[in-house]
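Below is one structure, written out as structure tokens; the observations come after it.
Below, each value reflects all heavy atoms present in this structure, side chains not excepted, and no hydrogens, waters or symmetry copies.
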Amino acid sequence: MGGSRTAEEAQEEIRRLAWQRRVRYTTHALFERMPARGVRRADVLAVLKSPSSCRPSEGERWRVEGLDTADDELTVVVAIEDNVVVVTVF
């Protein structure tokens, strides 16, 4: 789960990439989950830039939790590649 990084290393890498706006979205996240949940890209960026927690998820993915632009809790599941790849939100 989560690859060879520690949760702290993953959180720092996710934060760094988000501040550089190196974020991509899967079709599932962008066209299914985000509209269904009323989540905007700005909400995702808010969580990725200032996560309250980061822990391993299935495969090489990370579950990142934090507050969106309205200060509501949001969970973002990502993969770390050359960019942060947003897989899903809830």
Side-chain angles (χ1 to χ4, degrees):
M1 286 189 179
S4 61
R5 292 178 175 92
T6 67
E8 292 79 17
E9 291 168 337
Q11 183 168 313
E12 184 56 34
E13 181 71 358
I14 291 164
R15 183 182 292 128
R16 182 183 70 78
L17 291 169
W19 277 102
Q20 294 175 352
R21 293 194 170 266
R22 291 177 51 193
V23 179
R24 291 186 306 125
Y25 298 81
T26 63
T27 299
H28 171 75
L30 191 58
F31 296 109
E32 295 175 33
R33 298 303 287 172
M34 290 171 62
R37 303 276 184 201
V39 174
R40 298 171 302 127
R41 289 181 191 209
D43 295 317
V44 172
L45 273 177
V47 171
L48 299 180
K49 287 180 175 179
S50 299
S52 58
S53 71
C54 179
R55 61 181 182 220
S57 189
E58 294 181 23
E60 299 289 317
R61 297 176 179 172
W62 295 91
R63 180 179 171 141
V64 184
E65 297 173 341
L67 298 177
D68 67 11
T69 58
D71 289 332
D72 293 322
E73 286 287 332
L74 179 63
T75 299
V76 182
V77 178
V78 302
I80 302 172
E81 298 176 357
D82 291 336
N83 300 295
V84 175
V85 180
V86 177
V87 177
T88 194
V89 300
F90 53 94

To the nearest 0.5 Å, atom CD of E58 lies from atom CZ of R63 at 10.5 Å
Rounded to the nearest 0.5 Å, the CD1 atom of I80 sits from the CD atom of Q11 at a distance of 10.0 Å
Output for pair (L30 CG, T88 OG1), nearest 0.5 Å, gives 11.5 Å
Those residues at least two apart in sequence (or on a different chain) that pass side chain to side chain donor-acceptor pair (under 3.5 Å) with E32 are H28
Worksheet entry | Check: V86 main-chain N/O paired with T26 side-chain donor or acceptor under 3.5 Å | yes
With a 6.0 Å cut-off (strictly less than), is the heavy-atom count around CZ of R22, excluding the residue itself, greater than 12? yes
Hydrophobic cluster identity match, M34 and F31, side-chain contacts under 4.5 Å: yes
Tested for side chain to side chain contact (heavy atoms under 4.5 Å, CB included) against V23, the lone hit among N83, L45, V76 is L45
d(E60 CD, R5 CZ) to nearest 0.5 Å is 8.5 Å
Determine whether V44 and V87 fall in the same hydrophobic cluster, where Ile, Leu, Val, Met, Phe, Trp and Tyr are linked whenever their side-chain heavy atoms lie under 4.5 Å apart. no
Value for OG (S52) from CG (L67), rounded to nearest 0.5 Å, stands at 6.5 Å
- Item | Donor-acceptor pair, side chain of D68 and main chain of A70, under 3.5 angstrom | yes
For W62 and C54, the nearest pair of non-hydrogen atoms, with its separation, is CE3-SG, 3.8 Å
Review point. Under a 4.5 Å side-chain heavy-atom rule over Ile, Leu, Val, Met, Phe, Trp and Tyr, are V77 and V89 clustered together?
Key: no
Decide if atom CG of D72 counts as having more than 12 heavy atoms of other residues, nucleotides or ligands within a radius under 6.0 Å. yes
Here the gap from K49 atom NZ to I14 atom CD1, rounded to the nearest 0.5 Å, amounts to 14.5 Å
For this session: Determine whether E9 and E12 make a side-chain contact, defined as any pair of heavy atoms from C-beta on separated by less than 4.5 Å.
Result: no
Practice task
Please answer: with hydrophobic residues joined when any side-chain heavy atoms are less than 4.5 Å apart, are L74 and V85 in the same cluster?
Solution key: no
The side chain to side chain donor-acceptor pair (under 3.5 Å) partners of S53 (sequence neighbours excluded) come to E65
